[in-house]
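Take a look at the structure set out below.
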Protein chains: 2
Amino acid sequence: MSEIKIPKATAKRLPLYYRYLNFLHDAEKKKVSSTELSEAVKVDSATIRRDFSYFGALGKRGYGYDVNDLLNFFKKTLNQDRLTNVALVGVGNLGHALLNYNFRQTNSIRISAAFDSDPEITGTIQSGVPIYPMAELVQQLKDQQIDITILTVPNPAAQEVTNLLVNAGVRGILNFTSLRLSVPDNVRVQNVDLANELQTLIYFLDHYDAQLKPAENADSVTLDVKTDNK
Amino acid sequence: MSEIKIPKATAKRLPLYYRYLNFLHDAEKKKVSSTELSEAVKVDSATIRRDFSYFGALGKRGYGYDVNDLLNFFKKTLNQDRLTNVALVGVGNLGHALLNYNFRQTNSIRISAAFDSDPEITGTIQSGVPIYPMAELVQQLKDQQIDITILTVPNPAAQEVTNLLVNAGVRGILNFTSLRLSVPDNVRVQNVDLANELQTLIYFLDHYDAQLKPAENADSVTLDVKTDNK
DNA sequence: GATCTCATGTTTGTGAATTAACAATTTAAC
DNA sequence: GTTAAATTGTTAATTCACAAACATGAGATC
């Protein structure tokens, strides 16, 4: 066991690689090249080789990468050989959709508990997941040894619920609210801001030179503003 | 009207700033400092000042920023003064949740049409949005002058539907499938990969030195791997 | 009105991420 | 066996993002 430094940007791409490797495996492909992978996951082939090289030599020069080898490696690296249980807090429309979302199939992640403040739905089971009242949060997370939660409560409740989660010992929060949560340093928050994503997309469309050479990889946008230069 | 170069990273933060400015406005606050903004949106205050400075001087030294001025500026910059209509393709669980998602309130974005291949639901109205059959896609997008769509179809249909969208003249796609779509250069795709987000979160939790000083801003992770050094 | 405080705007340094380019090495073909 | 084609692993250069630090200026206070 030795420690290897993996850049953040690389780490974020690993699941992407892993998923496509699974696809290749199912298609019974034996080998794959960085060029081929690049086409599928839309990441520069040099970046892929760079990424893989952080883990040491996984491929063969002149040949490519062995799909099974890679897959096994990623399976271990991403801890895909054991099931990870997570909880979901806030069973509204989005929460409900996520309960149905198939995390398990490709990612061996399971939502094994959900929580809500609405007594109408607590005590029921939705999409195979039991909905508990908020009062049972601490106990259930403890019993089920869950320290990762998906947060899909309304914005006004977000920080308050977050505090509960932190006190319950949660280490990671996938935050679907549009607030930036305050958490202690030992808790990690991953933000998924849906309105923001859409807004950003629209912004880019409005301000990129869309007709000419819009170059996926451009790193700055051109913006028209009125300037008061007297 | 003059052109200003805005870094991509800055552009992505603009909606974030805008949202909090709205909040301040509602709370009838008159001025705001970069430090205060920093606390709320969790972005370094120097970065905020840097971001704002791309647009020219918007604040006053020793005073801060005038909330109304900033808000008006962002409203124009982000085109929040006019409503943007978008379409949604694939009314499954996630699609349904997004139909209910309140893009409109803070972002003046409206989903004004949805499409699905299931004849059971086409022709109905869900959450105030009419569901059309796929066959009407081209015509409706044209009639309603929509060129931005949210893609929430099952993975296997993703590329095929994307081709339809591209042919219908769509310029931007918010992609919720876990495939990386192939599109021509003049079409922009913004990926929101839910399984990926969760997976990444788990990876970081597993590989960061969580107990010591986990430093939100660390840029690399430490990974344990078995190395075959004979 | 002089001074002090506050907070912006900008310069600058640092570190990260990407990608082009090339050398090394293997496979395959003839 | 020799040569050609393919493809990795790595170096190097560029670009980008961030944040510390400083200088400038506005307003408040005495």
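The chains referred to below are lettered A, B, ... by the order of the sequence lines, with proteins before strands, and numbering in each begins at 1.
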**Asked** In whole Å, what is the span from the CZ atom of B:Phe55 to the C1' atom of C:dT10?
**Response** 16 Å
**Item:** Sugar-phosphate, base or nothing in reach of A:Tyr65, heavy atoms under 4.0 Å
**Value:** sugar-phosphate
**For atom NZ of B:Lys31 and atom P of D:dA26, their distance in whole Å** = 15 Å
**Asked** For the residue pair B:Phe73 and B:Tyr17, is the inter-centroid distance of their aromatic rings smaller than 6.0 Å?
**Response** no
**Request:** Would you indicate, yes or no, if D:dT8 has its OP1 or OP2 atom less than 4.0 angstrom from a side-chain nitrogen or oxygen of A:Ser34?
**Result:** yes
**Item:** Nucleotide nearest B:Arg61 when distance is taken to its side chain, options D:dA19, D:dT10, D:dA23
**Value:** D:dA23
**Request:** Measure from CD1 on B:Ile48 to C1' on D:dA19 and round the result to the nearest Å.
**Result:** 12 Å
**Message:** Within the 4.0 Å heavy-atom criterion, would you say A:Ser45 contacts the bases, only the backbone, or no part of the nucleic acid?
**Reply:** nothing
**Complete:** Rounded to whole Å, CG of B:Asp51 lies from P of D:dC16 at a distance of 15 Å
**Request:** Verify whether one side chain among B:Ser178 and B:Asp193 offers a donor that lies under 3.5 Å from an acceptor in the other.
**Result:** no
**Request:** For the pair B:Lys31 and B:Asp66, find out whether any cationic side-chain nitrogen is under 4.0 Å from an anionic carboxylate oxygen.
**Result:** no
**Item:** side-chain N/O B:Thr47 vs D:dC18 OP1/OP2, d < 4.0 Å
**Value:** no
**Whole-Å gap separating C1' (D:dT7) and CG (A:Asp66)** = 15 Å
**Request:** Give the nucleotide from the list C:dT27, C:dG9, D:dA21 with an atom nearest to the side chain of B:Ser53.
**Result:** C:dG9
**Prompt:** Side chains of B:Ser53 and B:Arg50: is there a donor and an acceptor less than 3.5 Å apart?
**Reply:** yes
**Integer-rounded Å distance: D:dT8 P and A:Asp69 CG** = 14 Å
**Fill in**
Whole-Å distance, A:Asp44 CG to D:dG9 C1', equals 15 Å
**Asked** DNA chain C: B:Phe52 or A:Ala46, which has the more 5' nearest nucleotide?
**Response** B:Phe52
**Message:** What's the closest nucleotide to the side chain of A:Ser33 if the choices are C:dA20, C:dT27, D:dT7?
**Reply:** D:dT7
**Message:** Here's a test of your reading of the structure: between A:Tyr63 and A:Thr10, which maps to the more 5' nucleotide of DNA chain C?
**Reply:** A:Thr10
**Asked** If you check every side-chain atom of B:Arg50, which of D:dG27, C:dT11, D:dT10 has the closest atom?
**Response** C:dT11
**Item:** Protein-nucleotide distance (A:Leu37, atom CG; D:dT7, atom P), rounded to Å
**Value:** 12 Å
**Message:** Checking side-chain polar atoms at under 3.5 Å, does A:Asn93 have a donor or acceptor matched by the opposite partner on B:Tyr101?
**Reply:** no
**Asked** With respect to the side chain of A:Pro7, which nucleotide from D:dC18, C:dT18, C:dA17 is positioned closest?
**Response** C:dA17
**Prompt:** A:Arg49 side chain: which of C:dT8, D:dT7, C:dA21 is closest?
**Reply:** C:dA21
